[in-house]
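Take a look at the structure below.
Reminder, nothing fancy here: chain letters follow the sequence lines and each chain counts from 1.
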Amino acid sequence: MDLNTEARQLVAHISQQREQGVPAGQLRRTLFGKDGSFTTLLQTISSLPKDERPAAQAELRLIRTELEQLLLSTEKGPDSLLGVDTSLPGILPQLGTIHPISAMIEHMVDIFSRLSFEIVEGQEIVGEEENFDLLNIGPDHPARDGHDSYFLSKNRLLRTQTTAVQVIELRRRQKAGLLPVRIVVPGKTYRRESDPTHSPMFHQFDAVLVDTTTSFSDLRGCLDFLVTELFGDLVETRFRPHHFPFTEPSAELDIRWRTTDPSNSLGKHTEWLEMGGCGMIHPDVLRHAGINPSLYRGWAFGMSIERPVMVKYGVPDLRSLYENNLSFLQQFPTI
Amino acid sequence: MKASFRLLTQYCDTRLTPVALGERFRLTSSEVEEVVDWSKHLSNLVVGYVVESYPHPSSDHLHVVRVQTGPDDIRQIVCGAPNVRSNTSVIVALPGSSIHPVSGNPLQINETTIRGVTSSGMLCSYEEIGLAIPNPGIIILDTHLKPGATAATALELDDAVLDLEITPNRPDLLGILGLAREMSSFQHLSLRMPAIATLPKETLELHLPTALCPYYTGITLTDCKVAESPYWLQKTLLLHGMRPINNIVDVTNYVMLETGQPLHAFDKAQLAGNPSVRLAKSNETLRSLDGQLRSLTHEDIVIVNTKNQPIALAGIIGGTASAISEATQTIFLESAVFDGAHIRRSSRRQSLRTEASTRMEKGLNPAGAEFALARAIKLLEDMQAAISGPTLLKSGTLPVSKPITVSYAQIQSLLGITLSPMDCKRILLSLGFEAKPITKASITVTPPSWRSDVRLPEDVIEELLRIWGYQRIPSTLPSGVLMPPKQNRNYSRKNSIRHLLAASGLHETVSLSLTSKTSLEKSSIAESEAVSVLLPLSKEGEILLPEHLISFMQNVSLTNRTIENIELFEIGAVFSPGLKETVHLSFLLRSNGPVESLYQRGKGLLLLLAEHLKIGLILFESIDTGPTYFTKNTALSFLGGSMGQVSDSVLAAWKIRTAKSILYVSFDLESWLGCLEIPLRYQLPSAFPISERDITFLIPEAVEVGPILDAVASHQSKEMQSKLPELVTIYRAEAGTKAVTIHLYFGSRSRTLKESEIADNLQVIGNVLTGQFQVTLK
């Protein structure tokens, strides 16, 4: 029997064995082991005349590939090949969670970073001046009463808004020659109120832009971008008038989910929903920062972080955000 | 500010429904919080004609009436009102309707049987339909009304009340006329002003202190006939949340509602001569109209009579002594503007917010005072309630509005839109501004007296934008010079730490930064180590959080009480005396495993962070006098913080089971973030082999492994140490001893080590262990 015939018979035999469900591992040993049938076949090459050897070697290489493919081919029946049950469920690494408020801050910061905004954090204990006076909130403004803010000493208090950072930071940048300015300020703020829809502590996000040319429509454009990135294309925005002492004109931003979209069946808000306040920075506020309002103008926007978290994920109770219940936290994945 | 739709339409027409009108207000001036539809409240309530009324056969006070409620509809109703009688017109709530009484929940009306008599509906009183007109018994109407006509129309309650949130810069919108002016502007329709009386030419200057009272007008009215107000007046006041008193007082309130200008009527007899205005003295008191005896301070503005006695708290509330009563014959009617800041402080101090004070504290328009006075006189004279006297009392001068010039270029650059000169002119004129001159480049405007909030070109531009339409602002992106944004390293690193810890299995918490003294005490933290809030809202919020431990304890004692294995972390500011604020990173670790592994986990996490921040090795040191919330002798200190087991007494105070140990780790994250990064430099991997060896030895249970591991590391030849030795296992085969295995790495960067060299070094290390630590090598 010549080498070729023997090899072909071997292939047929292995193919048959595979069909009968003989494990690949076992067949591998009978083929390629020390006294394996393929090993023996290979050894016969040395007994061939020298000029026939290269052709035989090439032939056996092909046979080997064929055999290997047979061994790799889909197993039939129960996989007892190596005694491994590959059907067991995967094990997730022990993962923790990032609080949805932190995640929302990160998300919003990321959105504004793409518009070239820098991040400033500021302190939570601030002076009355930065929280009020510099923002045109005069000594007789209702917010100045201890009734609405947490005072810690005669003129130090917990900031009632992240806007408290605005003038100080603008002033610093103006002095350092760092105009124009694009900054966002995320952080904790405090108001002396507590009921089902108000918490004495909450988080705010401010965005401020000061440049020689920018307008109310740029403010609208940036907020539209924010809203689309946060909630998707199905959400529309509107501006409506409001009053803030530190912006003129001032506006409030509302959002709602378009009702025209057929996929909007997730119980999303189709009524207008207030998202935050904004406006063109009041010329006096720019002056307080040492910026000439006839050369520069700016806009500012502020909103709570809790609001988009509640709207986006349908969290009904504000206070559940600070309870840190594991069954709550675990619904907000880390990755 | 409540505004009745019917009242608004007296001054400006509209084709809009109340809800649509509310939406227009929302988009041009003021947020509308609610629209209460009275027609809806009164649906299925109709006019009825009482055909017959006779006593209920089995009751001594009930009546049975037969009421016609339609051309062919006569129904039987049982009624308990004393004033029910035949041949009168009444209001009938038909079965199936629901009524909205002044107090309590809406009431469903059904056909029912009362003491054996079928009652098909209910005859209503004013209180039962939601109007607090104090009238015992049911409503009796004019008999000309057709039976079956809707009650809403019969009672002029086919109306809706808009509740608007007026921003503090717009006191002019605290009157119906101001709101109607907005309507006229955004609808391009004209404003109808109400009729007013002509004030007497003869005036008397009072010379009142202008710092307290910028503007004052007043007049004596004679021939007073104090009586109950007509229905329309009572109803209008009630719809706007005010209580009817008598015709004189009701007119003052009605005019305030119309114009936003508070008025006050004094019994002239109690005033004696002309009034004066001054600050109160600290020992003075006033019994106010709400019956309270109020102690005055030297910051309260008072109206005084000729005997220099306070008779009213100016701009807030009148006094009982000078109140209008049925005996009043002559009244003094005041329409004045007092200093807003004074009024606001007074009202806060007295804990008294009235319709007058909420308006007065905003700083009212002096030019509106005389108009309101003339309007009140007109109404009182029309109602034949009083006759105007011959002299007008006055004090103060009217401020003059300054012209403001706004260029169209400025509008374009601020808003990003182009408004035509015609648009600008139309909008501003409709809001009562004077606009001239109007040139090709700019428009010069003078705000009306009631718009003292408009001072800058930006203010004028906001007016234009409001009426032109905020929703028409296009959406563009900023252009201009791009300043390459710098990374905020601290922020980014805090974020990456969050991700690292979360990926390591810890859950991030965000907790309130306000806590209580009780929580401090429970956590064994002295009050002297914490910051107090000056005016806490409650006991739960009187202290600024000094340690995350408190939030964690609250968490494991309540929220996550049932979870045995829990790992939490928080990044946030904590506060210490001197109003110091530091950002801390804290962990809480609780597990079923041995305490040792908690420490290993805590240290491991810190080492991971140190590695991440590239700040090198963190050294731990036992401390005897650590924070008091740790169990004695369990605390370790390290760069910027400490860790330890939370003491049983703290756990007990928080009612946390002490079976599982809790490790608390907390440190000043800013001090870590402030550390210099160890620069990374690439090193060629060693070309020579590394040999790994284990050393296993027995030591008594009480001996600490840490120092032994350190000794092994320090006695391994530095030249041969390719990596620091590692602890492999601690195996406790028998009580009292433990078998420790340490793994060593031998390798040189310059040559292949000889087996004998390694053996020699291991011998040296072995000797140190047996000599210094009395271990038994295995």
Quick one: does [X]'s side chain get under 4.5 Å of [Y]'s, heavy atoms only?
X	Y	value
A:S116	B:M483	no
A:C222	B:P478	yes
B:L464	A:P249	no
B:I417	A:S217	no
B:V510	A:S102	yes
B:Y491	A:E106	yes
B:L415	A:S215	no
A:P283	B:L456	yes

I'd like to know which of [options] tops the heavy-atom pair count under 4.5 Å against chain B.
options	result
A:L321, A:L209, A:L158	A:L158
A:L326, A:D211, A:D224	A:L326
A:V109, A:T237, A:I105	A:V109
A:H203, A:H242, A:R238	A:R238
A:F117, A:F202, A:W299, A:F216	A:F216

Return yes if some donor-acceptor pair links the side-chain N/O of [X] with the main-chain N/O of [Y] below 3.5 Å, else return no.
X	Y	value
B:Y470	A:S250	yes
B:T476	A:D218	yes
B:E458	A:E248	no

As an exercise, state the distance from [atom1] of [X] to [atom2] of [Y], rounded to the nearest 0.5 Å.
X	Y	atom1	atom2	result
A:L219	B:I473	CG	CD1	9.0 Å
B:L506	A:Q94	CG	CD	10.0 Å
B:N488	A:I183	CG	CD1	11.0 Å
B:S551	A:N324	OG	CG	8.0 Å
A:S327	B:N560	OG	CG	7.5 Å
A:I101	B:E508	CD1	CD	9.0 Å

Closest approach of [X] and [Y], non-hydrogen atoms and distance?
X	Y	result
B:S511	A:M201	O-CE, 3.4 Å
B:F569	A:T97	CE2-O, 4.2 Å
B:A573	A:E124	CB-OE2, 3.7 Å
B:G480	A:T213	CA-OG1, 4.4 Å
B:A502	A:I98	CB-CG1, 3.7 Å
B:Q471	A:R220	O-NH1, 3.7 Å

Exactly one of B:T167, B:N169, B:D453 should register a side chain to side chain donor-acceptor pair (under 3.5 Å) with A:H243. Which one does? B:N169
Check A:E121 with B:K494, please: is the shortest side-chain N to carboxylate O separation under 4.0 Å? yes
Does a salt bridge link A:R319 with B:E540, judged by any charged N lying under 4.0 Å from a carboxylate O? no
Give the member of [options] that has the highest number of heavy-atom pairs under 4.5 Å with chain A.
options	value
B:R472, B:R345, B:E567	B:R345
B:L558, B:V583, B:I571, B:L544	B:L544
B:K486, B:Q554, B:Q412, B:K580	B:K486
B:L414, B:L477, B:L501, B:V533	B:L414

Is [X] close to chain B through its backbone or its side chain, or both, or neither, when contacts mean heavy atoms under 4.5 Å?
X	answer
A:V181	neither
A:S153	both
A:L329	side chain
A:P93	neither

Where on [X] is there a heavy atom nearer than 4.5 Å to chain A: the side chain, the backbone, both, or neither?
X	value
B:D459	both
B:I566	side chain
B:I563	side chain
B:S532	backbone
B:E542	neither
B:S492	neither
B:T28	backbone
B:L514	side chain
B:L482	side chain
B:R466	side chain

Go through B:L534 and A:L152 one step at a time and tell me if the side chain to side chain contact (heavy atoms under 4.5 Å, CB included) criterion holds. CA-CA 5 Å; B:L534 289 189; A:L152 305 171; 5.6 Å; no
Take a 6.0 Å sphere around CG of A:D195 and say whether it holds more than 12 heavy atoms from other residues, nucleotides or ligands. yes
Heavy-atom count around B:R349 CZ within 6.0 Å, excluding the residue itself: above 12? yes
Test side chain to side chain contact (heavy atoms under 4.5 Å, CB included) on B:E31 and A:E274; report intermediate values, then the result. CA-CA 11 Å; B:E31 171 72 318; A:E274 191 180 312; 4.1 Å; yes
